[in-house]
Amino acid sequence: MTYRAPVSDIVFMMNSAAGLKAGIEDGIYADLGDGIAEATLNEAARFAENVLAPLNRVGDQVGAKWDDGTVTTAPGWPDAYRQFVAGGWQSLTGGQDHGGMSLPQVLLAGCLDMWNGANMAFMLGPVLTFGAIDALEAHASDALKHTYLAKMISGEWPATMNLTEPGAGSDLNPLRTRAERATDGSYRITGQKIFITYGEHDMVENIVHLVLARLPDAPPGTRGISLFVVPKFLVNADGSLGARNDVRCAGIEHKLGIHGSPTCMMTYGDNGGAVGYLVGEENRGLACMFTMMNDARLATGLQGVSIGEAAFQHALAYAGERRQGRTAAGGPGPNAIIGHPDVKRMLLTMKALTHSARAVCYLTAGVIDRSRRLKDPAARKAAADRASLLTPLAKAYPADIGNEVASLGVQIHGGMGFVEETGAAQFMRDARIIPIYEGTNGIQAIDLVTRKLPLDGGGVIKTEIAEMHAVAGELRAANDRAFGASADRLADAVDALDRATAFMLDRLGAPADEALACATPYLRLFGLVRGGATLASVALAAHRAQVANGSDASQAGRIATARFFAENILTAAAGLETTITGSAQSVLDAGAALAV
Ligand SMILES: Cc1cc2nc3c(=O)[nH]c(=O)nc-3n(C[C@H](O)[C@H](O)[C@H](O)COP(=O)(O)OP(=O)(O)OC[C@H]3O[C@@H](n4cnc5c(N)ncnc54)[C@H](O)[C@@H]3O)c2cc1C
């Protein structure tokens with residue numbers, strides 16, 4: 001089963017969840033009018049299906065290989081990367097000053113959805129480059145922009161993100177990589193970074209490393225971290241490539257999944273110090289890196305959506321072919337397993353969870369665009385606060401969903417899911433990293449609860465909850481039998497979130513351990529309710545389209561998916577509320593259970 005890019009679902013979700021059509025009309029997305037969004041997505045779909053998807057298996061089976069500092073990617077990958085650059089795909093969102101198209105996040109989200117679904121390991125490099133471009137555009141000097149941005153935006157010089165060290169992962173306070181000031185205004189970087197995605201490879205002539213390091217006189221902790229551009233090859237004044245910089249890939253990791261993506265140990269400064277150039281101000285590097293990380297968080301969440309979509313397509317095809325047992329409507333057996341209610345339930349769960357995660361991601365992309373494109377400063381600030389609230393959700397919820405859906409995909413394949421031949425297992429192995437990198441899901445939950453819920457004195461989350469209540473009201477008013485009990489289930493779930501939020505806000509004063517103990521169930525509850533409410537908005541849009549244009553199988557499918565989600569999955573909200581409001585002590589007092 002090869003990957004089929006779900007363009008029409010993506011366009012419909014962009015319009016109904018991210019406000020694309022409304023944004024074209026009110027000018028926010030003027031650049032996507034005249035069918036530009038659809039044309040771009042159709043072209044991106046062709047790239048996904050024809051170039052990336054055929055290389056997914058070879059990436060998994062052959063993987064990236066390290067030899068004495070060089071990394072060779074899987075057969076066919078360098079050529080696919082050349083096609084990615086030639087197609088201008090890296091330049092979608094970069095600024096026009098340096099050759100970019102300045103297109104919005106929502107369009108990038110649609111493209112990433114399909115490209116990751118076709119070949120997630122391939123896309124990890126370009127995803128980081130999109131974020132690095134944003135970081136340099138926001139924080140770098142004109143000279144740095146002049147030297148690097150055009151080549152990064154074209155994709156010729158992709159970027160990496162270097163935070164992690166052996167002693168510094170979730171906690172960057174102990175970060176040890178050092179930066180010394182040089183007399184010419186540059187810096188000399190020395191230290192070791194681990195787990196660096198695409199830190200070294202054979203697909204390009206130069207790589208732009210964005211590296212966090214500490215100056216000798218820096219304050220301790222994260223207030224003393226600076227950000228540097230450290231190119232693999234130094235760049236001459238005329239833009240040509242000069243000497244090899246003092247940076248080397250000391251090895252790559254052997255991993256559970258994403259074998260095609262080299263995960264590199266990088267050493268800086270073995271021969272006196274790698275030349276680095278400061279981005280932004282000294283000791284303000286983490287704030288600069290956050291520009292990159294925030295973009296990367298949404299892009300990482302989209303990987304969960306994409307894996308869910310690909311695993312669902314795979315399982316659906318298998319369930320139509322595999323014959324076992326008799327089904328009520330199947331006639332003389334054996335019948336295709338898709339006719340068994342339990343298999344149907346698994347398939348519907350895969351689809352509904354994936355679409356809920358997609359809804360959360362596209363909603364977040366639309367809000368990010370509004371935070372950058374709205375004219376009114378107060379409206380822009382409100383959108384920025386909302387984007388802050390939604391970003392940890394858009395990373396962590398889809399990351400978990402991608403894993404759950406991939407696991408269900410293996411289950412639907414029975415024993416054939418557990419052997420590698422069918423490809424179902426690769427989705428599960430590839431998905432497992434998504435909740436770990438770009439800030440673990442646990443760290444996202446803590447960010448949501450401790451930093452995002454208190455935004456505007458709790459006003460931002462309250463506005464969010466009010467909006468979701470309004471969607472439940474619209475569903476009730478639409479009064480269509482096809483919605484089943486969706487309106488009641490959604491209203492109950494939003495109420496549960498409302499009460500759980502009040503509980504969490506109450507407990508955020510020090511010591512916050514009670515809130516921290518329930519941060520992950522709270523994020524799950526918020527994800528389910530936000531996903532369910534946005535799916536309901538999608539279903540309402542489908543309902544309106546049917547009223548205007550007559551019945552249509554795709555629209556009926558959207559309504560049925562939202563209804564399944566509300567009646568079968570959103571019902572977990574009540575249990576999560578009970579966990580959040582009543583279980584913290586069982587975590588905090590449970591030392592005996594973990595005693596060794
Ligand atoms: C394939 C791969 C690619 C990667 N790519 C990159 C890259 O390109 N650039 C880069 O810089 N890094 C990269 N990473 C590193 C990745 O971001 C880290 O692995 C991740 O941030 C977690 O850090 P850690 O591994 O040190 O885990 P730890 O920080 O040791 O965490 C272990 C566990 O403890 C939990 N935990 C830790 N601190 C807390 C806390 N305060 N409260 C509650 N729970 C806590 C975590 O949630 C986790 O479950 C990559 C990693 C992998 C495996």
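Indexing begins at 1, ligand by ligand and atom by atom, following the structure's order.
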To the nearest 0.1 Å, how far is [atom] from its closest protein heavy atom, and which atom is that?
atom	result
atom 25 (O) of ligand 1	Phe195 CE1, 4.2 Å
atom 27 (O) of ligand 1	Ser170 OG, 4.2 Å
atom 26 (O) of ligand 1	Gly169 CA, 3.2 Å
atom 39 (C) of ligand 1	Ile443 CD1, 3.7 Å

Is the number of heavy atoms from other residues, nucleotides or ligands under 6.0 Å of Arg176 CZ greater than 12? no

What part of [X], side chain, backbone, both or neither, has a heavy atom within less than 4.0 angstrom of ligand 1?
X	value
Leu516	neither
Thr263	side chain
Thr440	side chain

Ring centres of Trp115 and Phe84 under 6.0 Å apart? yes

May I ask you to check whether [X] has an N/O atom sitting below 3.5 Å from an N/O atom of ligand 1?
X	answer
Met161	yes
Thr197	yes
Ile433	no
Thr164	yes
Gly439	no

Would you mind checking if [Y] and [X] are paired as a salt bridge, meaning a charged N to carboxylate O distance below 4.0 Å?
X	Y	result
Arg248	Asp68	yes
Asp60	Arg429	yes
Arg188	Asp270	no

Hey, are the side chains of Tyr268 and Gln192 touching, using non-hydrogen atoms and a 4.5 Å cut-off?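 Tyr268 vs Gln192: side chains apart.
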
Indicate yes or no for a side-chain donor-acceptor contact from Asn245 to the backbone of Ala274 under 3.5 Å, with no hydrogens or angles considered.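 Not confirmed, Asn245 side chain does not pair with Ala274 backbone.
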
Numbered in order shown, the ligand 1 atoms found under 4.0 Å of a heavy atom of Ile446 are 42 (N), 43 (C)

Under a 3.5 Å threshold, yes or no: a donor from one side chain and an acceptor from the other, between Gln90 and Ser154?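 Note: Gln90 and Ser154 side chains miss the donor-acceptor criterion.
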
Could you tell me whether the side chains of Asn294 and Thr391 share a donor-acceptor contact shorter than 3.5 Å?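 Not at all, the side chains of Asn294 and Thr391 share no donor-acceptor pair under 3.5 Å.
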
Determine the sole option in Phe47, Tyr198, Trp77, Trp89 for which the ring-ring contact (aromatic ring centres under 6.0 Å, His included) test with Phe122 is passed. Trp77

Is the closest protein non-hydrogen atom to [atom] under 4.0 Å?
atom	result
atom 32 (C) of ligand 1	no
atom 49 (O) of ligand 1	no
atom 35 (C) of ligand 1	no

Asp171 near ligand 1 by a heavy-atom separation under 4.0 Å: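 Under 4.0 Å: no for Asp171.
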
Report the member of Ile196, Ile436, Leu212 with the shortest heavy-atom distance to atom 21 (O) of ligand 1.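 Looking at heavy atoms only, Ile436 sits closest to atom 21 (O) of ligand 1.
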
Cation-pi, Phe503 ring and Arg499 (6.0 angstrom, 45 degrees): no

